[in-house]
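Notes follow once the structure below has been shown.
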Amino acid sequence: MPKLEAFSSREALYDATASILVDALTNAVAASGRAGFAATGGTTPAPVYDRLATLTAPWDKITVTLTDERFVPPTDPSSNEGLVRRHLLVGEAAKASFAPLYFDGMSHADSARAAEAGVEAATPFGAVLLGVGPDGHFASLFPGNPVLAQGLDPQSDRLVLDVPPSDPAPDIPRLSLTFAALTRTDLIVLLVTGAAKKALLEGDVDPALPVAAILKQDRAKVRILWAE
Ligand SMILES: O=C(O)[C@H](O)[C@@H](O)[C@H](O)[C@H](O)COP(=O)(O)O
């Protein structure tokens, strides 16, 4: 089980996370000529992306995709594609390619299916950046959701699922990479802040939480990076 790595401030956390990610992506391109990066949404990662976009890397050999998405167009304020286009696909990183999960004019299910080709082409990922919800969800794999079992199935042949709303979350339809897709990488970084998430991820993690699947798998190295 990976140990939580604590940083003295959020600024230090963001700096370290950007540095770890750019090293992993650069090494992956050096090893195989290309790399994918699966980027989380949420309210935490934007400062990491702002830093990452300023760093030198073989961005023209890197394909960025999303760990998950709300089923909304990129112009919607809650869109993760919008977040990544505003904060990551700028500056040095503007040269990176992007593989979307949301496709205008497609149904929820068809969008998930259509996204799989781009995600497949972006794997293996050089790095995956995940957030963790207070309920232990990661990407859009939520406790109690009808597609959770399929989403966590290590043998699933699906890379992207159409996630229906469920109670208590998510409140709108989502698109999520599966555990099977997200573990096609050498490195998964969990980016978390605040006391509640530290309590969730320190010591013995509740095996019923979706994120426990990430912590106990042995396909990819996992680092948990935290600040107050
Ligand atoms: O689209 C999303 O919202 C994320 O992918 C989601 O899984 C997020 O990482 C967690 O909910 C943590 O979110 P915060 O960073 O806002 O705490």
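For ligands, and for the atoms within them, numbers begin at 1 and follow the listed sequence. Below, all heavy atoms of this structure are taken into account, side chains as well, without hydrogens, waters or symmetry copies.
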Which of the numbered atoms in ligand 1 are under 4.0 angstrom from any heavy atom belonging to Thr44?
14 (P), 15 (O), 17 (O)
Can you find a heavy atom in the side chain of Lys197 that is under 4.5 Å from one in the side chain of Glu202?
no
Between Ala139 and ligand 1, does any nitrogen or oxygen pair lie at a separation below 3.5 Å?
yes
State whether Glu69 and Arg174 are salt-bridged, where the test is any N-O pair (Lys NZ or Arg NE/NH1/NH2 against Asp/Glu carboxylate O) under 4.0 Å.
no
Give me the ring orientation class for Phe71 and His108: parallel if the planes are under 30° apart, tilted from 30 to 60°, perpendicular past 60°.
tilted
So Lys221 and Asp186, salt bridge (Lys or Arg N to Asp or Glu O under 4.0 Å) or not? Walk me through it.
CA-CA 6 Å; Lys221 178 180 178 183; Asp186 292 333; over 6 Å; no
Can you check whether Phe37 reaches Thr65 side chain to side chain, under 4.5 Å on heavy atoms?
no
Under 4.0 Å from a heavy atom of Lys197: which atoms of ligand 1 are those, numbered in the order shown and with their elements?
12 (C), 14 (P), 17 (O)
Asn80 and ligand 1 - part of the residue with a heavy-atom distance under 4.0 Å:
side chain
Restricting to heavy atoms, the pick from His137, Glu69, Arg70 nearest atom 3 (O) of ligand 1 would be Arg70
Nearest-neighbour protein heavy atom for atom 5 (O) of ligand 1, which is reported as residue plus atom name and distance
Asp68 OD1, 2.5 Å
Proximal ligand 1 atoms for Thr40, defined as those under 4.0 Å from one of its heavy atoms:
4 (C), 5 (O), 9 (O)
Would you find more than 12 non-hydrogen atoms of other residues, nucleotides or ligands less than 6.0 Å from Asp204 atom CG?
no
What protein heavy atom lies closest to atom 12 (C) of ligand 1? Include the residue and the distance to one decimal.
Val132 O, 3.5 Å
